[in-house]
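All remarks here apply to the structure that follows.
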2 protein chains.
Amino acid sequence: MTHSPWQPISPAKPARTPKEPLTRDRIVDAAMRLLVDQGYDAVSMRKVAQVLDTGPASLYAHVANKKELDQLLVDRAAEEMRLPEQPDPERWQEQLKDAMREMLRVMRANPGVARAAIGQVPLGERALLSTERILAILKAGNIPDQAAAWAVDLIPLYVTAVAFEETVQGAWAWTPEDVEGFVTGLRTYFESLPADRFPITIALAGSLTSGASGDERFEFGITVITAGLAALVQKT
Amino acid sequence: MTHSPWQPISPAKPARTPKEPLTRDRIVDAAMRLLVDQGYDAVSMRKVAQVLDTGPASLYAHVANKKELDQLLVDRAAEEMRLPEQPDPERWQEQLKDAMREMLRVMRANPGVARAAIGQVPLGERALLSTERILAILKAGNIPDQAAAWAVDLIPLYVTAVAFEETVQGAWAWTPEDVEGFVTGLRTYFESLPADRFPITIALAGSLTSGASGDERFEFGITVITAGLAALVQKT
DNA sequence: TACTTGACAGGAACAGTGTTCGTGAGTAGA
DNA sequence: TCTACTCACGAACACTGTTCCTGTCAAGTA
């Protein structure tokens, strides 16, 4: 092996293996994988870059910042929504509840996306299609225009808050024993409060601590909201 | 001034000025000041320590971690709640709405506390007193026990979500011109959507973008929730 | 063909976060 | 006096989002 005497001898650079070029889609794919596997807190630019075997700075050629990546995650999750095609005036309330259940299902399937969704005005195509569907359900139920318009604000806000709360509490990591232990302790605590100051809390200690697992509390919430919307029709 | 010849001569240490000892209360005070002046994102351990003219590590002798400091901030905010003394069966719905308005007022007065509040089970004394008051309002309205118990979950969750959303959107920093510009742009966007796929969104573009300033949307939300709860009474 | 320009990749560094580790000082009790 | 405990707090750790800078490659132009 012969080196030209005019050519400096430097350590050989490790060959850069040819890689698939970065794209926005690949970035969102990687972020989504982290989100689903490890939750929202795992979705850092460095972690995403790691999954893609690159450096975090490379991501900025494709997404403006972390906030934009968050928004792309929300849009990606929104693509999983499955809503009924045909609103039914006889069943609009159940259809509305189904829509809310579907929203929660999607958010649970993508832990942490609720955190990113809060505060966003949903303008992606898929999100707008969902909005249109929900508006159709509400109009099938004869909800007045202004109420329907504001309801598509209220509904995702409530569902998102429920999903976000679950995320914050790390609810999926709780075993049934954990839940039961927590509930029992809380009930005991409520029952031990001073009776002169907390008579109702004590009397309702059982009710206050029921429904901690399963979806009863969420079902209650959507029932209340749906009934409240229905009451707007009866007012006209 | 004479030094013993066996005693090493080292630079004089700057005298530590005597300081008021750190206490948990002083830490929360300082954090609260930052929260109110600059919002939740400004409440870092370093910033709090700076306000107190100490190092961040010193805080950990008094609060376990940032999460606990967050909880203390929520408890501190809860002390500002003013709820009616005497529930009135004739006006329980308006009293309930007033309670929700008061919650939102307190959270707005303490920007960012909603973020800390989400996911917390409110067990501080002041929070429990508020819960008791709201339960009293609901019982005055003849809400069934289980519904009342779950309503004290639903109600703070909704209000907290509204407050949190405002925080995320940085809503207080918006001028009326900002809002109008945003609303106009959004309305134009909705009206420009393909009519075959978004007929209702287009038809309701005005309604969808109304109420962006002021509290109309929040008032709508609490009206729906209150009406939904009232409907539970009529069912019995 | 040679040069220029623009886009992308990505390391190093910046400014910031929460937290731990280790050390020194002060106090109370034996 | 010695010991143990508590508090204060600097230095360092591990991590975050982002910018700055350099190198490479491809396309376009002279």
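Proteins come first, then strands; the chains are lettered A, B, ... in the order of their sequence lines, and each starts at number 1.
Within the 4.0 Å cut-off from OP1 or OP2 of D:dA8, not a single side-chain nitrogen or oxygen of B:Thr54 is found.
One can place CG of B:Leu52 at 15 Å from C1' of D:dC7, the figure rounded to the nearest angstrom. Rounded to whole Å, atom P of D:dT18 lies 4 Å from atom OH of A:Tyr60. The CG atom of B:Asp53 sits 13 Å away from the P atom of D:dA8 (whole-angstrom rounding). Taking atom CD of A:Gln50 as the reference point, atom C1' of D:dA14 lies 13 Å away to the nearest angstrom. Between the CZ atom of A:Arg24 and the P atom of C:dA7 there is a distance of 15 Å, rounded to whole Å. What separates CG of A:Leu59 from P of D:dT16 is a distance of 13 Å, to the nearest Å. B:Met45 has its CE atom 20 Å from the P atom of D:dA14, to the nearest Å. Taking atom NE2 of B:His62 as the reference point, atom P of D:dT6 lies 12 Å away to the nearest angstrom.
The backbone N or O of A:Asp215 lies less than 3.5 Å from no partner atom in the side chain of A:Glu219, so there is not a single donor-acceptor pair. The main-chain N or O of A:Gln50 is never found under 3.5 Å from a side-chain atom of A:Thr54 such that the two would form a donor-acceptor pair.
Among the nucleotides D:dG10, D:dC20, D:dT18, the one closest to any side-chain atom of A:Pro56 is D:dT18. Residue B:Pro21 places its side chain closer to D:dA8 than to any other of D:dC13, D:dA8, C:dC14.
Taking 3.5 Å as the limit, the base of C:dG16 and the side chain of B:Arg46 contain no donor-acceptor pair of atoms between them.
For the residue pair A:Tyr40 and A:Asn110, no side-chain donor N or O sits within less than 3.5 Å of a side-chain acceptor on the partner.
Closest-nucleotide positions on DNA chain D for A:Ala57 and A:Ala42 were compared, and the one nearer the 5' end corresponds to A:Ala42.
Within the model, atoms CD1 of B:Ile225 and CG of A:Leu154 stand 6.0 Å from one another, a figure rounded to the nearest 0.5 Å.
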Sequence neighbours excluded and cut-off under 3.5 Å, please list the side-chain donor-acceptor pairs for residues 179-188 of chain A, or say none.
unit_1, atom_1, unit_2, atom_2, d
A:Thr184, OG1, A:Glu180, O, 2.8
A:Arg187, NE, A:Glu191, OE2, 3.1
A:Thr188, OG1, A:Thr184, O, 2.8

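Across all strands shown, A:Lys47 has heavy atoms under 4.0 Å from sugar-phosphate atoms exclusively, and none from any base. In this structure, B:Ser58 reaches the bases: a heavy-atom distance under 4.0 Å links it to at least one base atom across the strands shown.
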